[in-house]
Amino acid sequence: MAEPVSLEYKIEGNDYMVAGAASNNIKNTLKMLGIESDVCRRAAVVTYEAEMNLVIHAGGGILKALISEDKIELCTVDEGPGIPDIGKAMTEGYTTASDHAREMGFGAGMGLPNIKRNSDVFEIESTPGVGTQLKSTILFQK
Amino acid sequence: MNLKEIAEILDAEAVSGADLATVDIPNAYACDLMSDVLAFCPPGALLLTGLTNVQIVRTAQMLDLPAVVFVRGKKPLEETLALAKENGIPVLMTKLSLYETCGKLFAKGLEPGYAPTKEA
C-alpha cells in the first residue's frame, strides 16, 4: 500500500435503518486490501460500536478510518452531550441508552469496553456540553 | 452440521438465494442483545435471535456470521430481509421459541459458540 487510504463518513443521529452502513464500507475496504480476517473483524466491531454510539447518544457525528501499511486508525468526533464520567462509561453494564436503542438490542453498557478490548491503542476524550472524540488503533502485526 | 439440516430440525422457512446444504455451521450463539453478540459471539457462529430489525443483519455482517435464525415465528422487516439478501446472509424463520430452538440444535450436537473464560 503506497499511500494511506482515508475514509470519512457523516453519521446521522437516531437513524437506525442506515446505521452500520459506514462500518460495513470500512470493513469491505479492509477486506479488499487483503487485511487479515481477525484484524478486519476487530476493526468492524470497533467501528460498528462507535458508529452506534454516534447514532444512539451523540445525535450523529463523523466516523473516520485511516488505513496505512501497518495499522488502521479509527476515529469518531461528535458534538453530542459528552460523557460526564468516562470511568463509569467504561464500566461493563453501565448505560444511558434510550428505550428505543434497547429495543433494537443495544444499550447494554458493553460498547466502550468492547471497543477498548478490540483496540491496541484506545483513547477517549469528552467534554460535557461540547462533545466526544474517540480514537482506536489496531495494528496489523503484533 | 449444515444449514439445510438445521432448517429441517427447526422446521424453518428459509429466505435465501444460497444452497443451504453448502453453508457449514460449526456452532451457534443465541441472544437478543446485539451488544452482547458483538462482545461474545465468535466468528462463524449461527446467530439465533428473536429480534428482527436491520441491525441484526448488520451485526451478523460485522462478525462474519454465516446465517441468522429468527425464532418465535417473528417476521423480519422487509428492510432486514433485503439487507440480508444484499449481503448474501441466509435467513431462517422458525415458529419455535429460542429455548426450544437451542435445545433441538444442542441435542443434535451443534456446539455452543461461546465458552466462558475461567476466572483465575
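Letters A, B, ... mirror the listed sequences (proteins, then strands); counts begin at 1. As the structure is a computational prediction, the values presented were derived from the model and not from experiment.
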Worksheet entry | Portion of Val46(A) that has a non-hydrogen atom of chain B nearer than 4.5 angstrom | neither
Practice prompt. Could you tell me which portion of Glu92(A) (side chain, backbone, both or neither) has an atom closer than 4.5 angstrom to a non-hydrogen atom of chain B?
Written response: neither
Worksheet item: Under a 4.5 Å cut-off applied to non-hydrogen side-chain atoms, are Met17(A) and Glu79(B) in contact?
Response: yes
Practice prompt. Take atom CD of Glu125(A) as the centre, draw a 6.0 Å sphere, and report whether it contains more than 12 heavy atoms from other residues, nucleotides or ligands.
Written response: no
Worksheet item: More than 12 heavy atoms of other residues, nucleotides or ligands under 6.0 Å from CD of Glu8(A): is that the case?
Response: yes
Fill in: Closest-packed option against chain B by number of heavy-atom pairs under 4.5 Å, given Met104(A), Lys27(A), Arg41(A)
Arg41(A)
Fill in: Verify same cluster id: Ile26(A), Leu63(B) (apolar side-chain graph, 4.5 Å)
yes
Worksheet entry | Electrostatic pair Arg102(A):Asp32(B) at N-O distance under 4.0 angstrom | no
Worksheet item: Do Ile115(A) and Leu74(A) share a hydrophobic cluster, counting only Ile, Leu, Val, Met, Phe, Trp and Tyr and linking them when any side-chain heavy atoms are less than 4.5 Å apart?
Response: yes
Item to complete: Could you tell me which portion of Thr59(B) (side chain, backbone, both or neither) has an atom closer than 4.5 angstrom to a non-hydrogen atom of chain A?
Response: both
Worksheet entry | Shared hydrophobic cluster, Leu98(B) / Leu96(B) (ILVMFWY, side-chain heavy atoms < 4.5 Å) | yes
Worksheet entry | Verify same cluster id: Met34(B), Tyr114(B) (apolar side-chain graph, 4.5 Å) | yes
Worksheet entry | Spatial distance of atom CE (Met62(B)) from atom CG (Asn24(A)) [nearest 0.5 Å] | 4.5 Å
Worksheet item: Sub-3.5 Å donor-acceptor pair from the side chain of Gln55(B) to the main-chain atoms of Tyr16(A), do we have one?
Response: yes
Worksheet item: Side chains of Val54(B) and Val18(A): closer than 4.5 Å at any heavy-atom pair?
Response: no
Worksheet item: Is Ile9(B) linked to Val69(B) within one hydrophobic cluster, defined over Ile, Leu, Val, Met, Phe, Trp and Tyr using a side-chain heavy-atom separation of less than 4.5 Å?
Response: yes
Discussion item. If you compare all heavy atoms of Leu38(B) against all heavy atoms of Asn114(A), which two are closest, and at what distance to 0.1 Å?
Written reply: O-ND2, 3.1 Å
Worksheet entry | Non-hydrogen atoms of Gly107(A) and Ser35(B) that approach each other most closely | N-OG, 3.4 Å
Worksheet item: Measuring heavy-atom distances to chain B, does Tyr48(A) have an atom under 4.5 Å in its side chain, in its backbone, in both, or in neither?
Response: side chain
Discussion item. Between Leu51(B) and chain A, with a heavy-atom cut-off of 4.5 Å, which part of the residue counts as in contact: side chain, backbone, both or neither?
Written reply: side chain
Response to the item:
In this structure, CG of Asp64(B) is separated from CG of Asp38(A) (nearest 0.5 Å) by 10.0 Å
Worksheet item: Tell me, side chain or backbone of Ala43(A) under 4.5 Å from chain B's heavy atoms, or both, or neither?
Response: neither
